[in-house]
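Below you'll find the structure, written out as structure tokens, and then a few comments.
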There are 2 protein chains.
Amino acid sequence: MKKEISRKCEHDRDNCPVKDVLNRVGDKWSMLTVIMLADHGVLRFNELHQLIDGISQKMLTVTLKTLEADGLVSRKMYTQIPPKVEYTLTSLGESLVPSLLHLYDWANTHMPEIKASRERYEKNISL
Amino acid sequence: MKKEISRKCEHDRDNCPVKDVLNRVGDKWSMLTVIMLADHGVLRFNELHQLIDGISQKMLTVTLKTLEADGLVSRKMYTQIPPKVEYTLTSLGESLVPSLLHLYDWANTHMPEIKASRERYEKNISL
DNA sequence: CTGGATCCTATTCGATACTG
DNA sequence: CAGTATCGAATAGGATCCAG
């Protein structure tokens, strides 16, 4: 098979971008947050809170902080009462979107197969 | 911004393929396992164990079972002593690879920016 | 409105020991 | 060789209350 793919981290435990970035992408809320921002452009905290179904306040805060630290999301705060904070994707964040949508489309396309496979698997187990 | 992207799961809590598939993709070892199999074609249990640096036996077992249940990996067992089991990607699994590599390439490309951003962020925190 | 701080639970995961 | 079983530590994540 295609050996050229193999430019990864078999023996580079501390410096593996795959693990690192994918742990970020793969956490429970980061990707949905990025997609929402890609979709809507600018969003305030509470707007995100409502758009991302099921997220808790705490996790939204944590997720946004992490994304900001990574430079994927930028945060603009208006010092006023009541406070107002706007979140947008940075250009780095935008550059992630195509890959995410690629994956998203795969998920949408193949979800029925995966579900069917899981059910078959369960039945075979319970025999 | 591009509103057409918005074909996702704002209010579809139980049937969101993004969450589901990405929790799979994003778990600690699944993606690396798929990439290894994409890379090498056929691998035995212990070969995977050695290729995927840092994975424990238990997690490799769990990961492979999950991938098999989802229909991404197929498992061929030779009933002999000592046992021999071969893992390969199914065609469904293969269809995931391009998306994964897309993401992988993004990670490789932008890792320096992310690291730099994190360091800037840390410094600002500690001021 | 936008969070920070705290408590508590569930899940994840590694280490270890054992098996056909 | 290819797992299974069990234990315990660490982490993630939700609920709640509080604050500027």
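Below, chain A is the first sequence line, B the second, and so on; all start at residue 1.
For the OP1/OP2 pair of D:dT11 and a distance below 4.0 Å, the side-chain nitrogens and oxygens of B:K28 include no atom meeting the criterion. Taking 4.0 angstrom as the limit, A:R44 places none of its side-chain polar atoms (N or O) nearer than this to OP1 or OP2 of C:dG3. Distances shown here put every side-chain N or O of A:Y87 at or beyond 4.0 Å from the OP1 or OP2 atom of C:dC1.
Nucleotide C:dT2 holds its C1' atom 11 Å from the NZ atom of A:K65, rounded to whole Å. In this entry the distance linking CH2 of A:W29 with C1' of D:dT11 reads 17 Å, nearest Å.
Among C:dG14, D:dG14, D:dG3, the nucleotide with an atom closest to any side-chain atom of A:M59 is D:dG14. Nearest nucleotide to the A:P82 side chain, out of C:dT2, D:dG3, C:dC1: C:dC1. Distance from the side chain of A:R75 is smallest to C:dG3 among D:dC1, C:dT2, C:dG3. Nearest nucleotide to the side chain of B:P83, out of D:dC1, D:dT4, C:dG14: D:dC1.
Of the residues near DNA chain C, B:I81 and B:K58, the one whose nearest nucleotide (by heavy atom distance) lies more toward the 5' end is B:K58. If you find the closest nucleotide of DNA chain D to A:D27 and to A:Q57, the one lying nearer the 5' end belongs to A:D27.
Between A:H102 and B:H102, the two ring planes are parallel [angle under 30°; tilted spans 30° to 60°].
For the side chain to side chain contact (heavy atoms under 4.5 Å, CB included) with B:L72, the lone residue among B:L37, B:L92, B:T33 that qualifies is B:L92.
Following chains of ILVMFWY side-chain contacts shorter than 4.5 Å, one can reach B:M111 starting from B:I35, so the two form part of one hydrophobic cluster.
If you take CE on A:M59 and OG1 on A:T66, they are separated by 7.5 Å, rounding to the nearest 0.5 Å.
The residue A:Y78 sits apart from the nucleic acid: no heavy atom pair falls under 4.0 Å.
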